[in-house]
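Note that the structure is predicted; figures quoted are calculated from it, not measured. Proteins get letters first, then strands, A, B, ... in listed order; numbering begins at 1 in each.
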Amino acid sequence: MSELWFFFEVLLSGMFAGTMYSLVALGFVLIFKASGVFNFAQGTMVLFAALCFVGFLEMGLPMVVAALIAIAIMVAWAFTVERLVLRHLVNQEPIILFMATIGVSFFLEGFGEFIWGGDVHPLNVGIPDDAWFVGPDGAMMIQQFDLSAAVIAGLLVTVLALFFHYTRIGRALRAVADDHQAALSVGIPLNQIWVIVWSVAGFVALVAGIIWGSRLGVQFSLSIVALKALPVLILGGFTSVPGAIVGGLIIGAGEKLAEIYIGPFFGGAIEEWFAYVLAMFFLLFRPQGLFGERIIERV
Amino acid sequence: ADQIYIPNLVYKTGPYGPSGTPVAHGVADYLAMINMRDGGVNGVPILYEECETGYKTDRGVECYDRVKNQNGGAVVINPWSTGITYALIEKATADKIPILSLGYGRTSAADGRVFPYVFNFPSTYWNQATAIFKYIADQEGGFDKLKGKNFGFVYLDHPYGKEPIPTLDILAEKYGFTYDKYPVPPASMTEQKSIWLQIRRSKPAYVIMWGWGAMNATAITEASNVKYPMDHFIGNWWAAAEPDVVPVGEAAKGYKGATFNGVGTDFAVYKDINALYDAGKGTWSKDQIGGVLYSRGLVTGAYMVEAIKVAQAKFGNRAITGEEMQYGLENLDLDAAKIAKLGLTGLMPPVKVTCDNHEGQNPAILIQQWNGKAWEIKSDWIAADTALVRPLIEQDAAQYAKENNITPRSCS
Amino acid sequence: MNAPEVGGAVQRTFGEPVLTLENIGLGFGGVKAIDGVSFEVRRGEIMAIIGPNGAGKSSMLNCINGFYKPQVGTITFKGRTMPAMDPHFAASNGIARTFQNIALFRGMSTLDNLMTGRVLKMKRGFFWQALHWGPAQKEELENRAYVEHVIDFLEIQAIRRTPVGRLPYGLQKRVELGRALAMEPEILLLDEPMAGMNVEEKQDMSRFILEVNEEFGTTIVLIEHDMGVVMDISDHVVVLDYGRKIADGTPDEVRANQQVIDAYLGVSHD
Amino acid sequence: MFYREAGIFKTSYASDQALFRIPLDRLFVIGVVAAAYLVVPFVGDQYWLGSILLPSLILSIAALGLNILTGYCGQVSLGTGAFMAAGAFMAYKFASNITWLPIPVVIVLGGLCAAAIGVAFGLPSLRIKGFYLAVTTLAAQFFLLWLFQKIPWFVNYSIAGVPTAPPREIFGILVTGAEASPAARYLFVLTFAVVLALVAANLVRGRIGRTWMAIRDMDIAAELIGIKPLNTKLSAFAVSSFYCGVAGALWSFCYINTVEASAFDIFRSFMVLFMVIVGGLGSILGSFLGAFFIFLLPIGLNNAVTTFGLPIATETITYIEFMVFGALIVFFLIVEPHGLARLWQIVKEKLRLWPFPY
Amino acid sequence: MTAATEASAPAAPLLRVNNIEVIYDHVILVLRGVSLEVPQGGIVALLGANGAGKTTTLKAISNLLGTERGEVTKGSIEFDGANVEASSPNDLVKRGCIQVMEGRHCFEHLTVEENLLTGAFTRGGDRAGIQADLEMVYNYFPRLRERRTSQAGYTSGGEQQMCAIGRALMSRPKMILLDEPSMGLAPQLVEQIFEIVKTINENEGVTILLAEQNTNIALKYARYGYILESGRVVMEGSADMLRNNEDVKEFYLGLGGEGRKSFRDVKQYRRRKRWLG
Ligand SMILES: Nc1ncnc2c1ncn2[C@@H]1O[C@H](COP(=O)(O)OP(=O)(O)OP(=O)(O)O)[C@@H](O)[C@H]1O
Ligand SMILES: Nc1ncnc2c1ncn2[C@@H]1O[C@H](COP(=O)(O)OP(=O)(O)OP(=O)(O)O)[C@@H](O)[C@H]1O
Ligand SMILES: [Mg+2]
Ligand SMILES: [Mg+2]
């Protein structure tokens, strides 16, 4: 009986943990969907946004002001990236854009540390951090922090998914991802589009950064966390906003269950690769990820 | 040359930067203080230089190659990373430059017969493990109380984290306890939910942690999430510093850790360190000094300076070579009186290094506890069970010697 | 075409059918791309498939060389009857094709593109390839010689080393034909080989097609929207409309067919 | 007008097929290789040979390997580090258990094991394409490193878990291990680099290379002209992993001297990927240019600061290094998306037209 | 020779290309001084063999060369009185100049209808107008209506061509640059497309510049034409004049001295005549 409770506890907390990955993955998806750019810098943006936020907090600014300034900085960043990088790489192959974002990521990482230093910054924005216990003598524990994170992720995803599907801009974004040149030729302003998505991605990064930062402190290892967003992203499909959430849930729950129930047979720490292998098996059945757009193969 | 060149392979950036920075400043400040106060070691100024490795082995090797012949040749190398230490052992031995890996690196390098150029005093991971269990036994009222108990061992799944496992196995057998291993994957070390849910279920009597970097803060957070009693959670000396607990906030209160150096600024030597800062020659900012890792840096500096003095006593008061430094380190004998004279009482343990024992004669640890604001030392020196560990060290060193065609030197 | 009709197809006679398609049906979700089409291709003939846009012509070629697997029907080729063609079987048994949306290897030079057409003819393994010497070099040179013939034939010597991505559309089409020819095909499937060409270039292209057909006896199946070309060079025309076959016969028969005029040709295309 | 193509007539396909069709190119390459063998070991000091050229050459081999897979065959891989690790660990097993094996054989065997593993992880590439394929290579990356760390057999059950690369010699000269002189190690690695570069150049200009490129440029069309996608992709995975494996073995045996999994972590994979892209996808020369550029740039920046004695804190140097590094990557991509190799080619083309602008 | 349309003679040309030179990839010189003018409300054809530079000219006009590492190194292009170089491609579309690109370039993952709607991007929220135009495009191309919910990547070549043209019409342009509109279309559709071109030109005054290989039909609908060879304008004139020019007849219309020849009879390889050596 208590085994069963334990199972559900693992399942649930795994799913919550997964939504944290989703938050990072979401930023990737936005930019990929809107420009076909595989944005390697998203992890660094999470870190940078959080650093800015926490930096202003430490200067004694009120939370709202700090958040607003951080958002403003992310928008300015979006402008910079568009001006100095993307604009010059219109219509290049995806791998080259990918590479450029790696350059951007390095720059931002150096810049962030340059400005804010390499220390760990504790962050507390007042997300409730207690646990509820349910079941016979608290057999199952639900952490409020995780729950809050999951709710925020869910909200963001819903809003963004609606935005992509039902607005004129959303359609234009998808067009850009398909063919930069054709998008230009029908009058879609790539520059503005890019600034918009990078700004939105910056905002998502800030949210993700604040949540992660509240758990771990804002520090450079956050950019390592971002790697885990990759299997989530791939499993859900690069182009799907809801996919980021579902991918996160599956990866989160899958790897926790695997670690606990299969891990011991292999000496543990299988979490490190399990997510990728899980994603790979999903891909064997759906090469475009769970919710990704069908890969068009025609001659 | 007219100066003693001490390069330092630091890492102040990247994910591990928060832990690497204070150490580097501790070393730098101590050496700067010696230069300012004494005009160097016995009148020979120290040239200190840092090379950033980012905690990456290949960068470390490059740094080593870059600095080893500069400025008249490096006198001693501090790699500050287990991986870099491993990569440099043979190189440094061939180049006759001693490696000082203070409480990290290759444990079996304590066997000075096989590793003449590697020093890892004042203690090794294996000894530390025995000492931690000694502490637990003391808390519980004797080793016989450990029998039948279950412990948890949370570690980074990496050679560093796995180091104490053979020792733990022996201890478990000897004292009749069991322990569960909880490896944390290095590439996703901030994801420990499954581990702590398991711990919540199995309720081990104590949890011992061999962690590093962001893994530590995550573990402490998760431990408090699952309401694990904090004072039964003990980290090793690389898992109990300010960067590990500060981000966790209130929840970290009560967390314990091993250490081999004191913490805080209430030591005599701070008179001179403060003077350094007042003279504007400090390398950091004054409000940041005094933490666990900074102190460890100071201690490292002190050991080096004292070893140089030993070498100079034999070879003359001049800039010494790496080979001479090896002599200095190998004959380092810092007893309580000498330490008191240096103003370091309480900050560092006495150490006596010999030709065959590079970790010092009486390895011991302190247990410290985080009170929410600062670390408090909670124990006296707890001696390690060297009788148990020494054979293990010799066995591993012998295997290494065999694989690498090394004939151990004789130390008699 | 408002120019007066000249020449016209000479009635030629052909051998046994090399390729027989029977009752082919292919659908995508709700769309029926091909719906019960049967026809035969005889050895040595030039056959044209025509029809309005979206009639299923390209899909038909895709079925013939195995890119699409029809849901119903059978394909008989070289005495083997099968429900669907396998691409590798098709290629290694002499079916080569060009594509409507040029499918060249854009990063490679013209020469290399043509050489890929020879892949099936080259057998030397890894070891020799790594040395690029001895048998491997010999084989390479033999095939290079063949490819140079094709290059000469198509008069694309000047662009031998140009990456094909940089070539203008028309030349790309020609290179694509070259790649197919390099395979020494028995059956050549051409999907709109003359789209985007002016009259003169179409004449060149027609001449290449006719020469291949006459000199090597290669059977040709082509899709083309230029009725002038189709009526002039083909021996046999199949007309598709909405996935169904609406006519099958000589150019003259097809031209006169009222259904074809209504569905495709529009008002009296001579 | 000195550098030109016109006026050089080929009388046979064989000479037209040659590796360098323009004599000046050939001379240039021969000159560079000759200098690398005959001049560099004598003029370079230990630091240059052992810490600059040696690792750059090893990484060039890895970049060559990845370039074969990604640049020539179009399969994006983030698992380079893992395949390097496979080479290193397996070479260590061979070297430590069959002590009489000559060291070049050991390295090649390490490469072959990596190749076999590469093939296994290449299998899903039949269905999974593009960036999605990155996930299978990531799976390889994390799974293999985990495996090498988890199973004590790979490190001969040593307690420490980080074995030392055994010293081995050729013709009585030590070439691996810490005691080997930098010059000897450099020459040993250089030989591997030259031979492997030659083999790669041969492969890519022959049938196999063309099938790779065909798959890269348009896999469907390639399939329809009779190229078997699975075989082709797997052969690319095999060759690529072989190169990476050799590079990994050399990295452990000749450079860092330890066989340590964390030397081959995901960041190594990324580094090699940068090298390939900055150097030029689908270019042998580019692999070398990229490897030298990416490996040397940070060290160069770092050295520059120390040499000029600028009073900048170590960490600041690193921050600046990151920023400059990132900015330069972007800069190069904007100037020439097809990498340093293409830039070099444009310079040559301009030279050919010189003194006329076009 | 002046432009054929009476109306355009006095009016300032809508588009003026002034002696431009284009280089790709820093080294490949493609256009060597092309000048042309398109009068307000005119239909002008750009003719020429493969690789003559028609597409390049059109891309230079709509400022898309930058995306292919090409650049205009000399000369200038003016649209509607202002230099195009100053405005971004999307500004140009806003200002009313839209291009139908060679090779269709539909957005593969978008449905046919979504493709058409992206064409109306610059028109903002004018819902009713856009809906009406969508109806109009569907009426022009009934086939598109049938396929409206398919992803464009899965439609046939001709359907994609219709989609690309329809998409351009959706922007309500002042001027359309058509690159090979007839490519891959069935004969009656080719006629129909040109009829549409004629209709929008006449009814809505849309100016048209078209690059076309099908010289025959192009000269039937255009009023003025330029012939490009190897990056230079080698001949220009009114459509009638070009149609009757012997060289044009022979090389572009396939009419030898003795009228149209069967494709089967073209045995002798013809040397293409070069106006320039
Ligand atoms: N893979 C596919 N998925 C969905 N629909 C498809 C697919 N392939 C073809 N179709 C549909 O099948 C029909 C026939 O397409 P096909 O390409 O064969 O036409 P076609 O006769 O070649 O036309 P065109 O002359 O325009 O090239 C079209 O309506 C097309 O949209
Ligand atoms: N992106 C490019 N890079 C390099 N060269 C190019 C590029 N695009 C076109 N060219 C070259 O420019 C010349 C003109 O090409 P363009 O496409 O403008 O010709 P076109 O007249 O449109 O031909 P077609 O009728 O075949 O479409 C060609 O020789 C071509 O090789
Ligand atoms: Mg078709
Ligand atoms: Mg064109």
Item to check | C/His88 side, atom NE2; D/Leu224 side, atom CG - distance, nearest 0.5 Å | outcome: 11.5 Å
Checklist entry - Which value, rounded to the nearest 0.5 Å, describes the distance between C/Leu114 atom CG and D/Arg210 atom CZ? => result 10.5 Å
Next on the checklist: Counting only heavy atoms from other residues, nucleotides and ligands, does the tally under 6.0 Å from NZ of C/Lys138 exceed 12?
Outcome noted: no
Checklist entry - With a 4.5 Å limit on heavy-atom distance, are the side chains of C/Phe105 and D/Ile225 in contact? => result yes
Checklist entry - Are there more than 12 heavy atoms of other residues, nucleotides or ligands under 6.0 Å from atom CD of D/Gln345? => result yes
Checklist entry - Measuring heavy-atom distances to chain D, does C/Met183 have an atom under 4.5 Å in its side chain, in its backbone, in both, or in neither? => result side chain
Checklist entry - Any idea which of C/Arg106, C/Arg179, C/Arg118, C/Gln129 has the most non-hydrogen atom pairs under 4.5 angstrom with chain D? => result C/Gln129
Next on the checklist: Would you compute the distance between atom CG of D/Asp217 and atom CG of C/Asn113 and round it to the nearest 0.5 angstrom?
Outcome noted: 7.5 Å
Checklist entry - Which of the residues C/Ala180, C/Ala130, C/Ala91, C/Gly165 is involved in the greatest number of heavy-atom pairs with chain D at under 4.5 angstrom? => result C/Ala130
Checklist entry - Within a reach of under 6.0 Å around CZ of D/Phe28, are more than 12 heavy atoms found that belong to other residues, nucleotides or ligands? => result no
Item to check | Toward chain C, the part of D/Ala222 with a non-hydrogen atom under 4.5 Å | outcome: both
Item to check | Region of D/Ile220 in contact with chain C, defined by heavy-atom distances below 4.5 Å | outcome: side chain
Checklist outcome for this item: If one checks every heavy atom of C/Phe67 against chain D at 4.5 Å, the contacting part turns out to be both
Item to check | Interchain contact, C/Lys121 with chain D, by part (heavy-atom threshold 4.5 Å) | outcome: neither
Item to check | Residue selection (most heavy-atom pairs with chain C, distance under 4.5 Å) from D/Gly206, D/Ala214, D/Ala221 | outcome: D/Ala214
Checklist entry - How close do D/Arg207 and C/Gly125 get, heavy atom to heavy atom, and via which atoms? => result NH2-CA, 4.2 Å
Item to check | Contacting region of D/Val239 [heavy-atom separation from chain C under 4.5 Å] | outcome: side chain
Item to check | D/Arg205/C/Met115 under side-chain contact (heavy atoms from CB on, under 4.5 Å): CA gap, chis, key distance, verdict | outcome: CA-CA 10 Å; D/Arg205 71 195 164 119; C/Met115 287 295 281; over 6 Å; no
Item to check | chain D contact via C/Ser92 - side chain, backbone, both or neither, heavy atoms under 4.5 Å | outcome: neither
